[in-house]
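Reviewing the structure listed below.
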2 protein chains.
Amino acid sequence: MNEKFFSLDQEKQERIINAALKEFGQKGFQKASTNEIVKEAGISKGLLFHYFNNKKGLYLFLFDYAVDRLVERIFSNENQLMEDVFERFLQITIQKLHLFKKHPDLLDFLMTAMDDETIQYDLKNREMLEQAYQRVFAGIDYSRFKSGIDIEKALKVIFWTFQGFGEEEQENLKQLGIQHYDINRVKTRMEDYIQLLRQLFYE
Amino acid sequence: MNEKFFSLDQEKQERIINAALKEFGQKGFQKASTNEIVKEAGISKGLLFHYFNNKKGLYLFLFDYAVDRLVERIFSNENQLMEDVFERFLQITIQKLHLFKKHPDLLDFLMTAMDDETIQYDLKNREMLEQAYQRVFAGIDYSRFKSGIDIEKALKVIFWTFQGFGEEEQENLKQLGIQHYDINRVKTRMEDYIQLLRQLFYE
DNA sequence: AGTATAATTGACTAAACTGGTCAATGATAT
DNA sequence: ATATCATTGACCAGTTTAGTCAATTATACT
């Protein structure tokens with residue numbers, strides 16, 4: 001790729017990246033259309049190929065970019081994960097929403113790119129991703145759970161609750177639009193659910 | 001359409017229908033490719049246009065078909081919905097899995113077809129669908145819930161749990177393949193979760 | 001103001017793919 | 001052997017594909 005891409009307006013960079021994430025995320029590498037990407041990004045055909053010299057170059061750049069953004073948001077060493085399940089999932093859900101706000105199609109792109117056979121990457125990023133996912137569930141404090149509760153299943157119920165909540169919030173964000181959506185208020189909304197979950201699961 | 005389609009081997013009918021559901025579900029009406037559909041279904045180009053005389057004819061047929069299958073599985077009058085939340089959602093989840101087993105892409109197709117602007121249907125089917133969705137949550141018995149619990153939020157936690165469980169089972173079904181997947185054993189797996197949920201929510 | 005350099009455009013290409021047709025072939029039943 | 005049916009895939013004109021490149025515009029420097 002052409003490093004001067006990073007000298008563009010940040011807003012323009014993001015327009016291009018988001019358009020590409022969306023198209024590749026929806027259709028996979030082969031069937032994604034560069035025409036569609038430049039149309040959505042509002043740039044000319046030539047410019048895209050000027051910065052990423054061909055389709056595969058763009059795809060590979062995007063994969064690295066997406067992994068970087070995910071790790072820096074959720075798994076970076078600064079963001080130390082809480083021991084309390086609810087605090088931890090609250091934290092992660094908020095971070096995912098921030099990520100979704102900037103790059104609505106990044107997570108979907110990563111999911112589908114992970115098992116795309118048409119390309120094989122440097123495996124570095126792949127491994128980093130898989131390690132990261134394990135960290136989400138490692139070192140949780142279960143001591144406060146009511147006795148007689150199946151911890152494994154309880155954890156799944158909690159996980160699915162946060163997942164469902166997060167998807168609902170993403171829907172809201174899409175509907176309301178980026179400017180009318182206040183992420184801090186999500187925190188209070190989610191704390192109502194956490195209160196319920198604590199009531200249910202904790203002694 | 002050509003009614004003789006229904007005289008084909010049932011297996012062949014389903015191959016064609018499933019291939020079309022998948023393609024339309026993934027790409028929408030405009031961008032779906034009839035070439036892709038016949039390739040996936042393993043039939044010739046001519047045959048598809050012999051039975052459904054053009055692309056739009058196929059799409060309209062599929063929509064009616066999909067609504068019929070959904071209603072007959074989940075919302076038909078024989079399948080009276082239980083008053084107990086957990087019994088009801090258990091029932092619905094099982095029925096959805098049966099549907100998914102025969103037509104893995106039917107529900108996704110319906111979702112995307114609902115807000116496809118390129119075509120306007122007889123609204124009969126649309127209305128039927130929306131009424132049906134409301135029935136899922138109507139007439140539930142809340143009397144056994146512990147006092148001091150926010151019923152509205154509790155219902156969402158329960159819904160998200162069944163949703164997460166259902167999606168996980170669909171993943172298993174895809175992975176294991178249709179022949180090694182026993183739906184009756186799902187019931188017992190789900191009853192473990194129901195036991196936990198009862199323990200949590202019921203007096 | 002003038003000139004050099006870099007950013008950006010979009011018309012253009014050959015190849016692939018699009019929805020749809022139809023004469024030819026294969027299968028089945030009488 | 002014949003008639004009726006199901007099925008095929010080469011073929012069509014039109015669109016879309018990834019990628020190129022001469023030409024235009026914007027920026028920077030003297």
Side-chain angles (χ1 to χ4, degrees), chain A residues 1-63 109 112-113 116-119, chain B residues 1-63 109 112-113 116-119:
Chain A
M1 73 167 301
N2 181 345
E3 299 293 332
K4 288 180 184 168
F5 172 74
F6 298 113
S7 315
L8 294 179
D9 292 345
Q10 203 181 333
E11 186 266 340
K12 197 172 192 174
Q13 287 182 48
E14 280 178 16
R15 246 168 44 221
I16 296 170
I17 287 170
N18 284 342
L21 285 173
K22 183 174 168 186
E23 181 72 5
F24 281 121
Q26 282 175 358
K27 310 198 190 160
F29 176 72
Q30 299 256 25
K31 298 191 177 177
S33 159
T34 54
N35 290 328
E36 206 61 40
I37 293 171
V38 299
K39 204 201 302 176
E40 171 102 9
I43 59 168
S44 71
K45 194 76 177 291
L47 197 60
L48 187 72
F49 285 87
H50 174 64
Y51 287 118
F52 313 92
N53 58 332
N54 55 35
K55 195 182 177 184
K56 190 175 280 193
L58 172 59
Y59 191 77
L60 260 38
F61 162 78
L62 274 185
F63 189 76
F109 168 82
T112 60
D116 190 323
E117 304 118 8
T118 55
I119 304 195
Chain B
M1 73 169 301
N2 181 345
E3 299 293 332
K4 288 182 182 165
F5 172 74
F6 299 113
S7 315
L8 293 178
D9 291 346
Q10 202 180 336
E11 186 265 341
K12 197 174 192 174
Q13 286 182 47
E14 281 178 14
R15 247 169 44 223
I16 297 171
I17 286 170
N18 284 341
L21 285 173
K22 184 175 169 185
E23 181 72 4
F24 281 121
Q26 282 176 357
K27 310 197 190 160
F29 176 72
Q30 299 255 24
K31 298 190 176 177
S33 159
T34 53
N35 290 324
E36 205 61 39
I37 293 171
V38 300
K39 204 201 304 176
E40 172 101 9
I43 59 168
S44 72
K45 193 75 174 293
L47 197 59
L48 187 71
F49 286 86
H50 174 64
Y51 286 118
F52 312 91
N53 58 332
N54 56 33
K55 196 183 177 184
K56 190 175 280 193
L58 172 59
Y59 192 76
L60 261 37
F61 162 78
L62 274 185
F63 189 76
F109 167 83
T112 61
D116 190 324
E117 305 119 9
T118 54
I119 304 195

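Just so you know, these numbers come straight off a predicted model, no measurement behind them. Excluded from the calculations below are hydrogen atoms, water molecules and symmetry mates; all remaining heavy atoms, backbone and side chain alike, are included. Throughout, protein chains are lettered first and strands after them, A, B, ... in sequence-line order, and every chain is numbered starting at 1.
For B:S44, no side-chain nitrogen or oxygen approaches OP1 or OP2 of D:dT7 to under 4.0 Å. Applying the 4.0 Å criterion to OP1 and OP2 of D:dT7, one finds that B:K12 has a side-chain N or O inside that range. Contact check, B:T34 against C:dT18: no side-chain N or O comes under 4.0 Å of OP1 or OP2.
Among all heavy-atom pairs drawn from A:F52 and A:G57, the shortest one is CB-C, 4.4 Å. Residue B:I16 comes nearest to B:L48 through the heavy atom pair CG2-CD1, 4.1 Å, listed as atom of the first residue, atom of the second, then distance. The minimum heavy-atom distance linking B:S44 with B:V38 is given by the pair O-CG1, 3.9 Å.
Residues A:E23 and A:E40 have side chains not in contact (no heavy-atom distance under 4.5 Å, counting atoms from C-beta outward).
The CG atom of A:L48 sits 14 Å away from the C1' atom of C:dA7 (whole-angstrom rounding). Rounded to a whole Å, the CZ atom of B:F49 is 13 Å from the P atom of C:dC22. Rounded to whole Å, atom P of C:dA16 lies 22 Å from atom NZ of B:K31. Between the CD atom of B:E23 and the C1' atom of C:dT18 there is a distance of 12 Å, given to the nearest Å. When rounded to the nearest whole Å, the span between CZ of B:F6 and P of D:dC5 equals 19 Å. To the nearest angstrom, P of C:dA6 lies 15 Å from CG of A:L8. At whole-Å resolution of the value, CD1 in B:I16 and C1' in D:dA6 are 12 Å apart. We find that NZ of A:K55 is positioned 14 Å from P of D:dT20, with the value rounded to whole Å.
You'll find that the side chain of A:S33 is closest to D:dT17, out of D:dG19, D:dT17, C:dG19. Relative to the side chain of B:I43, the nucleotides C:dT9, C:dG20, D:dT8 differ in distance, and D:dT8 lies closest.
In this structure, B:Y51 has its ring center no closer than 6.0 Å to that of B:F61.
Of the two residues near DNA chain D, A:N53 and B:L47, the one whose nearest nucleotide lies more 5' is B:L47.
Across all strands, B:Y51 comes closer than 4.0 Å only to sugar-phosphate atoms, never to a base (heavy-atom distances). In this structure, B:N35 reaches the bases: a heavy-atom distance under 4.0 Å links it to at least one base atom across the strands shown. Among the atoms of the strands shown, base atoms are found under 4.0 Å from some heavy atom of A:K45.
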